[in-house]
Amino acid sequence: MSNFDSVINKAKEFLKTNLIEIEKRDDLSQSQKANRIINLFAGVCAGIAIQPIPFADIFVLTPIQVLMGERLAAIWGVPVTESSISAVIKDILKIGGMGLLSQQLAIGAYKTFLPFMGAVTTVPLVYGLTYAIGTVLSEMYKRRSKGESKLSDEELRKIWNESRKKGKEKYKKGNEIK
């Protein structure tokens with residue numbers, strides 16, 4: 001086996017245990033699994049956001065964020081159907097819609113008018129946004145799996161705002177020059 005094959009096999013194993021079948025792991029709690037998925041997807045989305053095409057982010061990032069929702073649902077043991085994903089997306093848009101819209105406009109403007117600023121400003125924005133989406137979805141699925149009541153609009157708004165801020169800070173802290 002060549003070095004290239006070895007690297008490919010390691011990558012496949014990593015993806016299997018940390019993404020595709022993470023819900024089957026016994027060495028992590030459900031919360032730890034959810035946190036890994038949220039951070040993984042936030043990082044992927046932030047990396048993709050560097051691409052220079054204005055206003056393309058929403059069409060690329062949204063399907064990735066929906067996949068994150070599917071993985072979180074699997075972790076919490078909640079069956080996901082097309083209609084339930086649609087309902088969750090609508091709930092998130094209801095709470096964060098104006099923030100999402102303004103961020104997409106800001107990201108597009110940076111890439112159009114100030115392209116050199118695009119990566120600097122876009123990456124923490126997208127990381128924080130994806131982190132917030134994942135955190136809200138995880139809490140919704142966690143409650144659903146336990147038969148608890150839905151999040152109120154106030155609870156959703158609070159989790160959204162706190163986790164978006166935490167995600168931005170987490171990104172900045174992870175990227176400080178040491």
Side-chain angles (χ1 to χ4, degrees), residues 6-49 60-97 99-100 103 123-176 178:
S6 176
V7 169
I8 294 296
N9 287 335
K10 286 179 184 179
K12 285 180 183 178
E13 187 58 33
F14 175 83
L15 288 173
K16 181 179 176 185
T17 59
N18 290 292
L19 176 65
I20 299 166
E21 295 181 358
I22 193 169
E23 69 274 13
K24 295 179 182 176
R25 289 184 62 176
D26 295 329
D27 60 324
L28 301 171
S29 70
Q30 286 176 298
S31 293
Q32 289 172 318
K33 293 173 193 177
N35 285 334
R36 283 189 180 205
I37 288 295
I38 292 166
N39 285 300
L40 175 67
F41 277 87
V44 167
C45 287
I48 290 171
V60 177
L61 300 179
T62 302
I64 294 169
Q65 291 163 342
V66 169
L67 178 59
M68 175 179 64
E70 185 277 328
R71 294 285 66 225
L72 290 167
I75 288 167
W76 292 109
V78 175
V80 176
T81 64
E82 192 173 312
S83 62
S84 65
I85 287 179
S86 175
V88 170
I89 291 170
K90 286 178 187 173
D91 283 341
I92 296 224
L93 289 175
K94 180 173 74 173
I95 300 303
L100 287 169
Q103 285 181 15
V123 173
L125 267 175
V126 172
Y127 190 98
L129 177 62
T130 303
Y131 188 89
I133 290 170
T135 302
V136 171
L137 286 173
S138 185
E139 184 61 28
M140 292 171 81
Y141 289 141
K142 178 181 175 182
R143 287 186 180 207
R144 193 177 299 163
S145 73
K146 295 179 178 184
E148 296 176 1
S149 62
K150 288 184 175 183
L151 291 169
S152 68
D153 287 352
E154 185 178 314
E155 288 173 309
L156 258 172
R157 197 173 295 111
K158 182 179 178 191
I159 293 169
W160 173 267
N161 289 331
E162 288 174 0
S163 59
R164 195 176 87 206
K165 182 180 176 184
K166 183 179 177 183
K168 279 185 181 179
E169 290 169 1
K170 195 172 186 142
Y171 174 81
K172 288 177 184 177
K173 185 177 180 183
N175 288 293
E176 290 175 352
K178 297 176 181 170

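Values in this document were obtained by computation on a predicted structure and should not be read as measured data.
- For the atom pair CG (Leu137) and CH2 (Trp76), the distance works out to 12.5 Å, reported to the nearest 0.5 Å.
- For the atom pair CG of Leu67 and CZ of Phe41, the computed distance is 4.0 Å after rounding to the nearest 0.5 Å.
- The shortest non-hydrogen separation linking Ile22 to Lys33 is O-CD, 3.4 Å.
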Can I get a per-line list of side-chain donor-acceptor pairs under 3.5 Å for residues 127-134, giving both atom names and the distance, sequence neighbours left out?
residue	atom	partner	partner atom	Å
Tyr127	OH	Asn39	OD1	2.9
Thr130	OG1	Gln65	NE2	2.8
Thr130	OG1	Val126	O	3.0

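- To the nearest 0.5 Å, atoms NZ (Lys166) and OG (Ser163) are separated by 8.5 Å.
- For the atom pair Gln30 CD and Tyr141 OH, the distance stands at 14.0 Å (nearest 0.5 Å).
- Side chain of Glu23 to main chain of Ala74: no donor-acceptor pair is present (N/O by atom type, distance under 3.5 Å, no hydrogens or angles).
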Chi angles and distances behind the side-chain contact (heavy atoms from CB on, under 4.5 Å) call for Met140, Leu156: CA-CA 9 Å; Met140 292 171 81; Leu156 258 172; 4.2 Å; yes

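- Rounding to the nearest 0.5 Å places CD1 of Ile20 at 10.5 Å from CZ of Phe14.
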side-chain contact (heavy atoms from CB on, under 4.5 Å) between Leu19 and Ile37, worked out: CA-CA 7 Å; Leu19 176 65; Ile37 288 295; 3.9 Å; yes

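- By the 4.5 Å heavy-atom criterion applied to side chains, Asn161 and Lys165 are not counted as neighbours.
- Residues in residues 134-143 take part in these salt bridge (charged side-chain N to carboxylate O under 4.0 Å, His left out) pairs, two or more places apart or across chains: Glu139-Arg143, Arg143-Glu155.
- Formation of a donor-acceptor pair under 3.5 Å by the Glu162 side chain with backbone atoms of Ile159 is not found in this model.
- Once rounded to the nearest 0.5 Å, the distance linking CD1 of Ile75 with OG of Ser145 reads 11.5 Å.
- Qualifying side-chain hydrogen bond (donor to acceptor under 3.5 Å, both in side chains) partners for Asn18, counting only residues two or more places apart in sequence or in other chains: Arg25, Arg36.
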